[in-house]
Q: 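Quick one: structure below, then a few questions.
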Amino acid sequence: MFTVPTPTVAIAGSADRFPVRRIFCVGQNYADHTREMGGDPDRQPPFFFSKPADAVVDTDAELPHPPQTHDLHHEVELVIALHSGGSDIAVADALRHVFGHGVGIDLTRRDLQAAAKAAGRPWDMAKGFDASAPVGPLTRGGPPAAAGIALTIDGEPRQSGNIDQMIWSVAEVIATLSGLVTLAPGDLVFTGTPAGVGPIRPGQEVRGTLDGAAPITVRFRP
Ligand code: MN
């Protein structure tokens, strides 16, 4: 009838590509970002939302400014890629399911998200739009316990943190998520963003970095 391509993410130092099954994202996993969004970092269990698999974008892409927003925001995040999965995974077993890690940008139509929150409606159109999940080339293996994570716009610092500041660790995120859905090979997990989220204007270049991983750079058309 017709074919549907499988979205993929680059693997650093390899011609192979990681096939993407689903994209899950953790909300408010750094205390300073939780506070800037008006939340309480001490009492929030991890919560999740998702993006379509074909929202992934390679580094060095040029993107149109997405429609229906006047407040497109950047959220730089550690991204975890799974080569296996299961349900009710124990925290102690979680990291063995990790294929690799990288840095991504959880692009967010913040104005649509604020309207959805106010109306008690879903976040899908605020978070899961076309090309909303740029991801840099994956580094094989799990992430280090600590690594600097940062984002610049046109070379100016906007976000800076360390993945050791995450409220819920990578293993805890995988374990908790596996209690909600059966995780599977090809799943990506965006693990939350540190403080400093803010707007991206047409024509700007956004670059996310994670120490020890390949960066993600995307340019928005004027
Ligand atoms: Mn996010």
Side-chain angles (χ1 to χ4, degrees), residues 9 20 22-41 44-57 59 63 66 69 71-82 101-117 121-136 138 143 147-153 157-170 172-174 176-177 180-181 187-200 206-210 213 215-218 220:
V9 172
V20 179
R22 294 175 295 189
I23 303 173
F24 297 104
C25 306
V26 184
Q28 299 182 0
N29 199 25
Y30 289 74
D32 51 359
H33 173 63
T34 302
R35 287 189 201 97
E36 78 178 348
M37 297 303 290
D40 178 351
Q44 303 270 4
F47 69 93
F48 300 92
F49 57 91
S50 59
K51 293 173 184 265
D54 69 353
V56 291
V57 173
T59 193
L63 302 176
T69 183
D71 199 20
L72 176 67
H73 269 211
H74 53 80
E75 299 187 356
V76 66
E77 310 201 0
L78 165 67
V79 178
I80 298 299
L82 302 183
H101 68 282
V103 62
I105 306 171
D106 168 14
L107 292 173
T108 302
R109 292 192 282 210
R110 193 71 76 201
D111 41 2
L112 298 193
Q113 186 192 32
K117 284 181 177 178
R121 289 178 177 161
W123 289 9
D124 299 50
M125 293 299 107
K127 289 288 196 177
F129 52 93
D130 296 342
S132 59
V135 181
L138 300 173
I149 185 167
L151 182 137
T152 61
I153 294 184
R158 295 297 174 90
Q159 290 187 264
S160 181
N162 195 295
I163 58 173
D164 69 1
Q165 297 164 341
M166 295 199 307
I167 296 170
W168 300 91
S169 70
V170 169
E172 289 169 331
V173 164
I174 292 169
T176 303
L177 186 54
L180 292 162
V181 293
D187 288 342
L188 294 180
V189 184
F190 279 62
T191 59
T193 195
V197 302
I200 301 166
V206 183
R207 180 178 177 85
T209 56
L210 173 68
I216 176 72
T217 303
V218 292
F220 288 86

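In what follows, residues are counted from 1 in the order of the sequence shown. Counting starts at 1 for both ligands and their atoms, following the listed order.
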Q: Only N/O/S atoms count here: what is the atom of Glu75 closest to the Mn ion (ligand 1) called?
A: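 Relative to the Mn ion (ligand 1), the closest nitrogen, oxygen or sulfur of Glu75 carries the name OE1.
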
Q: Would you call Asp106-Lys51 a salt bridge at under 4.0 Å N-O?
A: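 Salt bridge flag = yes for Lys51 with Asp106.
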
Q: Give the atom name of whichever N/O/S atom in Glu77 sits closest to the Mn ion (ligand 1).
A: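 Going through the N, O and S atoms of Glu77 one by one, OE2 ends up nearest to the Mn ion (ligand 1).
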
Q: Decide if atom CG of Asp130 counts as having more than 12 heavy atoms of other residues, nucleotides or ligands within a radius under 6.0 Å.
A: no

Q: Please name the pair of heavy atoms, one in Asn29 and one in Thr191, separated by the smallest distance, quoted to 0.1 Å.
A: ND2-O, 3.0 Å

Q: Restricting to N, O or S atoms of Asp106, which is nearest to the Mn ion (ligand 1)?
A: OD2

Q: Closer than 3.5 angstrom, by distance alone: can the side chain of Gln28 be matched with the main-chain N or O of His33 as a donor-acceptor pair?
A: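 Such a contact is absent between Gln28 side chain and His33 backbone.
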
